[in-house]
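To start, the structure itself, in structure tokens.
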Amino acid sequence: MEQVINFDTISEYNAFNNHETLHPLVSVIDFSKAKERTGSKMNFGIYCVFLKDVKCGDLKYGRNYYDYQEGTLVFISPGQIIDVENKTDYYQPIGYGLVFHPDLIRGTSLAKSINEYNFFSYKTNEALHLSAKERQLVLDCFSKIENELLQSIDKHSKKLIASNIELFLNYCERFYDRQFITRENANHGILEKFEELLNNYFSSDKPFNIGLPSVAYCADELHLSANYFGDLIKKETGKSAQEYIQNKIIDLAKNKIFDNHKTVSEIAYELGFKYPQHFTRLFKQKVGVTPNEFRSLN
């Protein structure tokens, strides 16, 4: 069986990278201090952000591969397993990282917003590619956190460290927004593929066999993680991916309602609804009238 290295504490990760533990719940890593190593499979119980300056193999997340290049930021959250493949030769890690335990942020404002940083669950082709200016800003954030770690721990330490991490993550959110914009052409391609995917879905027997298409299903078909896909669609259309799917369903429903030979229940089942009343509820929510009222009005 393949060996899995578990990192449930900061001290374990520090030891792996030949680092002193200055604080039990957070650390800034200089990977050049680590010993030479080969690729391995790692299970994380901590939050990690890597800014690596050497490619250490292909990072595999689940069945997919990270779009990982030298000088990109990689985000990992507790519960994720990262597999570094195709690297059997020893290499010297180079770069920097920020790791922190979930207990660090408990009771802070960051604890309330941490799940809003969707990039912690981005997967394939979704790493953050930094400009030189952005890279320097990241390093400055790491430096501020490290300087606080060098101080004696007091009643202000937790709040100041958590605030600096939150500031860093907010910058990362801004950088991702920039990346969405600079990849606009590719994003338009995804939107077109999304529309084509929905058209093909509803013209097939999948609504009968599977039901309504979910955001996760569409993202998987387009080889993206659900969170990245959702953020991409939101940036492009101003609507969530779920809203986009629902609007497509309503558009199709309106055309079907004009066929007086079909009952509302038949239309609901054709679209993939398990219960007709769910279709009626969504239709009224989106259109303002029930399907039968819409048919009468038109």
Side-chain angles (χ1 to χ4, degrees), residues 7 9-10 13-14 17 22-31 42 44-53 59 61 66-69 71-80 82 95-149 151 156-183 224-232 234-235 240:
F7 299 115
T9 66
I10 298 302
Y13 196 72
N14 281 338
N17 290 287
L22 301 175
H23 191 292
L25 298 178
V26 59
S27 184
V28 175
I29 304 293
D30 178 353
F31 288 108
M42 296 166 284
F44 289 86
I46 54 179
Y47 289 96
C48 303
V49 183
F50 304 140
L51 176 58
K52 290 195 174 181
D53 291 327
L59 286 182
Y61 181 103
Y66 232 113
D67 176 15
Y68 171 69
Q69 300 173 5
T72 56
L73 272 181
V74 178
F75 299 84
I76 297 171
S77 62
Q80 293 180 348
I82 298 296
Y96 301 90
L98 169 66
V99 293
F100 60 98
H101 195 278
D103 287 349
L104 175 77
I105 63 174
R106 297 196 196 282
T108 69
S109 62
L110 180 55
K112 300 175 183 177
S113 62
I114 190 69
N115 291 329
E116 296 173 10
Y117 299 106
N118 286 336
F119 42 75
F120 274 110
S121 53
Y122 286 174
K123 296 178 188 175
T124 183
N125 299 322
E126 302 160 4
L128 179 55
H129 302 260
L130 299 174
S131 68
K133 186 176 179 181
E134 290 167 349
R135 172 190 167 84
Q136 187 55 55
L137 217 163
V138 166
L139 292 176
D140 289 345
C141 287
F142 285 1
S143 179
K144 287 180 180 178
I145 296 169
E146 187 172 31
N147 286 337
E148 185 57 37
L149 295 179
Q151 307 295 321
H156 303 288
S157 299
K158 179 177 179 176
K159 183 177 180 179
L160 288 169
I161 293 169
S163 295
N164 275 299
I165 292 174
E166 187 169 16
L167 175 64
F168 162 67
L169 295 177
N170 286 335
Y171 275 122
C172 291
E173 201 164 39
R174 170 189 277 179
F175 299 158
Y176 259 114
D177 283 350
R178 182 269 309 153
Q179 183 163 299
F180 284 133
I181 294 170
T182 55
R183 292 186 171 186
L224 298 168
S225 70
N227 280 335
Y228 187 87
F229 172 65
D231 287 350
L232 199 63
K234 184 76 171 180
K235 293 287 185 288
S240 69

So do the side chains of [X] and [Y] get within less than 4.5 Å of each other, counting heavy atoms only?
| X | Y | value |
| --- | --- | --- |
| V138 | F175 | yes |
| Y13 | I29 | yes |
| V26 | L98 | yes |
| L137 | Y171 | yes |
| L128 | E134 | no |
| F120 | I114 | yes |
| Y47 | P102 | yes |
| C172 | F119 | yes |

Straight-line distance of [X] [atom1] to [Y] [atom2], nearest 0.5 Å:
| X | Y | atom1 | atom2 | answer |
| --- | --- | --- | --- | --- |
| L232 | L224 | CG | CG | 7.0 Å |
| D231 | F180 | CG | CZ | 5.0 Å |
| L22 | N14 | CG | CG | 7.5 Å |
| L51 | T72 | CG | OG1 | 8.0 Å |
| R135 | L130 | CZ | CG | 8.0 Å |
| Y117 | L169 | OH | CG | 5.5 Å |

message: Applying side chain to side chain donor-acceptor pair (under 3.5 Å) to E116 and S113, what does each step give before you reach the verdict?
response: CA-CA 5 Å; E116 296 173 10; S113 62; 5.3 Å; no

message: Tell me whether the rings of Y228 and Y122 are parallel (<30°), tilted (30 to 60°) or perpendicular (>60°).
response: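 The arrangement is perpendicular - the two ring planes meet at more than 60°.
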
query: Charged N to carboxylate O under 4.0 angstrom, R106 versus D103?
result: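 Between D103 and R106 there is a salt bridge, with a charged N closer than 4.0 Å to a carboxylate O.
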
- request: Could you give me the CA-CA distance, side-chain angles and deciding distance for F50 and I76, then say whether side chain to side chain contact (heavy atoms under 4.5 Å, CB included) is met?
  value: CA-CA 8 Å; F50 304 140; I76 297 171; 3.3 Å; yes

field: side chain to side chain contact (heavy atoms under 4.5 Å, CB included) between N17 and F31, intermediate numbers included
entry: CA-CA 7 Å; N17 290 287; F31 288 108; 3.4 Å; yes

Can you name the closest pair of heavy atoms from [X] and [Y] and give their distance?
| X | Y | result |
| --- | --- | --- |
| T108 | A162 | CG2-CB, 4.0 Å |
| I10 | H101 | CD1-N, 3.8 Å |
| K234 | S240 | CD-N, 3.9 Å |

message: Can you tell me if R174 has over 12 outside heavy atoms packed within less than 6.0 Å of its CZ?
response: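 Counting other residues, nucleotides and ligands, CZ of R174 stays at 12 neighbours or fewer.
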
message: If the condition is side chain to side chain contact (heavy atoms under 4.5 Å, CB included), which residues does S163 pass it with, not counting sequence neighbours?
response: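 Partners of S163 under the side chain to side chain contact (heavy atoms under 4.5 Å, CB included) test: K159.
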
query: Is the backbone N or O of F229 less than 3.5 Å from a side-chain atom of E126, with the two atoms forming a donor-acceptor pair by type?
result: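 No: the side chain of E126 does not pair with the backbone of F229.
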
With K235 via salt bridge (charged side-chain N to carboxylate O under 4.0 Å, His left out) - residues at least two apart: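 Partners of K235 under the salt bridge (charged side-chain N to carboxylate O under 4.0 Å, His left out) test: D177.
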
Name the atoms and distances for all side-chain donor-acceptor pairs under 3.5 Å in residues 141-148, with sequence neighbours left out.
unit_1 : atom_1 : unit_2 : atom_2 : d
N147   : ND2    : S143   : O      : 3.3

